[in-house]
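Sequence lines set the chain letters: A, B, ... in the order given, protein chains first and strands last, and positions in each chain run from 1. Model, not experiment: these values are computed from the prediction.
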2 protein chains.
Amino acid sequence: MAASSRPTIHEVAKAAGVSISSVSRALNGNTSNPEMVARVKAAVKQVGYVPSAVAQSLKTQQTGQVAFAMEDIGNAAYLAMVREIQPLLREDGYRLLLHATGADVQDEIEVLESLAQKYVDGLILCPIRVTDRHLAALRSPAVPVVVIGQLPEEADVDNVRTDSRQGARLAVEHLYAAGARRIAFINGPADTVPGRLRHAGYQDGLHACGLEVDDSLVEFGGFQVSAGREAAQRLLARTQPDAVFAANDLIALGAMHAIRSAGRSIPEEIQVVGMDDTTLAETSFPPLTSVSLGSRDRGRLAADMLLARLHGETGPARRATVAPSLTVRESTREAAA
Amino acid sequence: MAASSRPTIHEVAKAAGVSISSVSRALNGNTSNPEMVARVKAAVKQVGYVPSAVAQSLKTQQTGQVAFAMEDIGNAAYLAMVREIQPLLREDGYRLLLHATGADVQDEIEVLESLAQKYVDGLILCPIRVTDRHLAALRSPAVPVVVIGQLPEEADVDNVRTDSRQGARLAVEHLYAAGARRIAFINGPADTVPGRLRHAGYQDGLHACGLEVDDSLVEFGGFQVSAGREAAQRLLARTQPDAVFAANDLIALGAMHAIRSAGRSIPEEIQVVGMDDTTLAETSFPPLTSVSLGSRDRGRLAADMLLARLHGETGPARRATVAPSLTVRESTREAAA
DNA sequence: ACTGGTTGCGGAAACGTTTCCGAATCGTCG
DNA sequence: CGACGATTCGGAAACGTTTCCGCAACCAGT
């Protein structure tokens, strides 16, 4: 199947009648003699030589690889980041390694600790929970790390974040402006950082609009479509909202299904707002009004930060924040009179 | 930021008062003396040693990494494969590297040729076009390769495929059975392998149902939502189909938008069938009838095949075929009388 | 023509492991 | 009690590069 063993730099040297140092220099552009370079290149072609990435890595102490770790690549927000990050890394000659941790804290820690093995030059991490063990592991990472998401103030780590609390508030205010008064909230797990922040933002929004906080309008579940559907069913069986704010687009999609199944129309009877503004929002029916948390921007910023470190940037941890914005589509009414 | 240099096996050896060979043996379980192992483990903990993955790779000639190369991770079919493949690889201790080639043939070739650098132990490749250069590069790859997709009969490569031609035919037959007589087809690019096969299957289906082939019912475009919408607009401006078969779910989604915008109802006036049976199909409105090409199965099979090779399996190239199947949802009518 | 500075190249060390091989130790058996 | 096999460990080579160092050769300047 695969050829038994590829030629090494020694074979090239022999074929070209020069030393291995000269071969290396010729290939890495550290020689000025054109005749030398030509001979080496010819020999390379003749013996079919390709340098070993592993040996180069060992010598140069760089792998040319960067890892991206997140909960699940199936989540469109992360997907958007990956699609943004990969081309940027590639432009700089880095390969991308993917770690799906399945929201398992233990897995995330393992990824962080495995960095000491030095199989990558850097990491972009999207933790869904941040524990003390995370922070400890982030204290002195073996390679540069950029975290996408909320982090305690004191953490000295490059960080890209968004204000999802503010985003949730935007959603509520938009619904209020569009005439909704009984605004329900379908959240993900309450013990996650995004879950807490979105809930807080939802309450912020209610306060800002002068609406009562009514816990019977709040449901918790997972961040998936099915969870959204089930949560919406429970909600509708219990009470009668005129709007639903979902903690992400998947939940919103599930909720829209449940709402239609219950015979209510969108947006006439119940308006719906999602969060993350993924491609799902554009293509759903009706097209979903969604709070954009700038996933693509966050991906780009994180990649930029990491590349800067890889290019030797030193100095204190940087932090960038992407402002949320609302993309209004047809699942909500225009601001009513 | 990052600590200047991690301790090596030599530091451990010194701390434990033994030779580096003993350290290596103790850590890799090739020693029987428990006291030795204990001392080494203690020393490891004391100096904070973590083995260098690169050095191990150089010595063992294995990287513990596998690459997956496809057009675009944004495509739900590939996404489903990744989600299937990653856990399987991980179970066997392999890390996953992602190459998005952007449907660029040159890029795909580069990926294949870069395998000689041995930065991965194997590759799963989803080529969208198969050129002679692909075949040449596949002739004697530096590491085991599994191709997902159609391949010429004579190619001696492990291969997982599906019969998308048969799948397209299923779609047409289903539409016919549901009463459609003017069945349009919105395809992707005509010069891709999937494009050709689906077109052929569409025609097969028409023949099987005794319908005329009418080229005015066929549109070409890209494989994205926007392309699907535009193609459907052109189609509807020109003629009046009672069903649309789209070459993938994204196109179908775009087409459904265009159809609704044109004021036609789904499925009453125009039925729609997609292909790939992605999560989009379940969550769309109305839920989309779609031809499943078993993306997850194909991913799993490819991973299995590759792992078998990595575990030393030899022998001729294997081939597996996943049969297409139809998932009927609400964008089509039940078989009519 | 001799010297001083460049330049071009080869030898060898180093990166951090694994593993082969030989030496030393131990226990056991004749 | 001596010898022999088994076991355990240390030394050193090897994986395939890059790069430091030194040597020879060359050019120009006096």
Side-chain angles (χ1 to χ4, degrees), chain A residues 3-41 43-44 47-65 114-121 142-143, chain B residues 3-41 43-44 47-65 114-121 142-143:
Chain A
S4 54
S5 94
R6 305 265 144 184
T8 72
I9 201 172
H10 291 94
E11 272 72 56
V12 178
K14 200 183 298 173
V18 299
S19 75
I20 62 163
S21 355
S22 298
V23 175
S24 175
R25 274 188 297 255
L27 295 180
N28 297 315
N30 298 324
T31 189
S32 39
N33 185 340
E35 196 252 348
M36 170 90 261
V37 174
R39 266 172 68 191
V40 169
K41 294 242 165 114
V44 163
V47 304
Y49 168 74
V50 179
S52 153
V54 173
Q56 286 180 320
S57 294
L58 180 59
K59 191 59 201 177
T60 62
Q61 304 285 55
Q62 308 191 17
T63 61
Q65 300 184 158
S114 71
L115 292 181
Q117 295 178 248
K118 294 286 194 93
Y119 59 93
V120 289
D121 296 338
V143 299
Chain B
S4 54
S5 94
R6 305 263 145 187
T8 72
I9 199 172
H10 291 93
E11 272 72 56
V12 178
K14 200 183 298 172
V18 298
S19 75
I20 61 163
S21 358
S22 298
V23 175
S24 176
R25 273 189 296 255
L27 295 180
N28 297 315
N30 297 324
T31 189
S32 38
N33 184 341
E35 196 252 348
M36 169 90 262
V37 175
R39 265 172 69 190
V40 169
K41 294 244 165 115
V44 163
V47 304
Y49 168 74
V50 179
S52 153
V54 173
Q56 286 180 321
S57 294
L58 179 60
K59 190 60 198 173
T60 62
Q61 305 286 52
Q62 307 190 18
T63 62
Q65 300 184 158
S114 71
L115 291 181
Q117 295 177 245
K118 296 288 195 90
Y119 59 93
V120 289
D121 296 337
V143 298

Worked check of side-chain contact (heavy atoms from CB on, under 4.5 Å) between Ser52(A) and Gln56(A): CA-CA 6 Å; Ser52(A) 153; Gln56(A) 286 180 320; over 6 Å; no

Criterion side-chain contact (heavy atoms from CB on, under 4.5 Å) on Val12(B) and Val44(B), from CA distance to verdict: CA-CA 6 Å; Val12(B) 178; Val44(B) 163; 3.8 Å; yes

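The interatomic distance linking Arg39(A) (CZ) with dG8(C) (P) rounds to 15 Å, in whole Å. Atoms CG (Leu27(B)) and C1' (dT18(C)) sit 12 Å apart, rounded to a whole Å. Going from atom CG of Leu58(B) over to atom P of dT17(D) covers 9 Å, rounded to whole Å. For the pair Glu35(A) CD and dC9(C) C1', the computed distance is 12 Å after rounding to whole Å. Rounded to whole Å, atom C1' of dA13(C) lies 15 Å from atom CD1 of Ile9(A). Taking atom NZ of Lys118(B) as the reference point, atom P of dG16(D) lies 9 Å away to the nearest angstrom. As rounded to whole Å, 10 Å separates atom P of dC15(D) from atom CD of Glu11(A). Between Gln62(A) atom CD and dT19(D) atom C1' the separation is 15 Å, expressed in whole Å.
Comparing dT18(C), dC21(C), dC9(C) by their closest approach to the side chain of Arg25(B) singles out dC21(C). Closest to the Ala55(A) side chain, of the nucleotides dC9(C), dG16(D), dT17(C), is dG16(D).
Residue Val12(A) is out of contact with every strand shown, counting any heavy-atom pair closer than 4.0 Å. Using a 4.0 Å heavy-atom criterion, one finds that Val54(B) contacts no nucleic acid atom at all. Base contact: Ser24(B) has a heavy atom under 4.0 Å from a base atom. Residue contacts for Val23(A): at a heavy-atom cut-off of 4.0 Å it reaches no nucleic acid atom on any strand shown.
Mapping Ser21(B) and Asn28(A) onto DNA chain D by nearest heavy atom places Ser21(B) closer to the 5' end of the strand. Comparing Gly17(A) and Lys59(A) along DNA chain C, the residue whose closest nucleotide (by nearest heavy atom) sits nearer the 5' end is Gly17(A).
Nearest heavy-atom pair across Ala13(A) and Val23(A) is CA-CG2, 3.7 Å. Met36(A) and Ser22(A) get closest at one heavy-atom pair: SD-CB, 3.9 Å. The heavy-atom pair separating Ile9(A) from Tyr49(A) by the smallest distance is N-CE1, 3.4 Å. Here the closest heavy-atom approach between residue Lys118(A) and residue Val54(B) is recorded as O-CG2, 3.7 Å.
OP1 or OP2 of dT17(D) has at least one side-chain nitrogen or oxygen of Tyr49(A) nearer than 4.0 Å. Of the side-chain N and O atoms in Gln56(B), none sit less than 4.0 angstrom from OP1 or OP2 of dG16(C). Residue Ser22(B) has a polar side-chain atom (N or O) positioned under 4.0 Å from OP1 or OP2 of dG10(D). Regarding contacts with the backbone of dT18(D), every side-chain N or O of Gln61(A) stays at 4.0 angstrom or more from both OP1 and OP2. Residue Ser19(A) places at least one side-chain N or O under 4.0 Å from the OP1 or OP2 atom of dG10(C). In terms of phosphate contacts, Asn33(B) brings a side-chain nitrogen or oxygen within less than 4.0 Å of OP1 or OP2 of dC9(D).
Counting atom types as modelled, Arg6(B) pairs no side-chain N or O with a base atom of dG16(C) as donor and acceptor under 3.5 Å.
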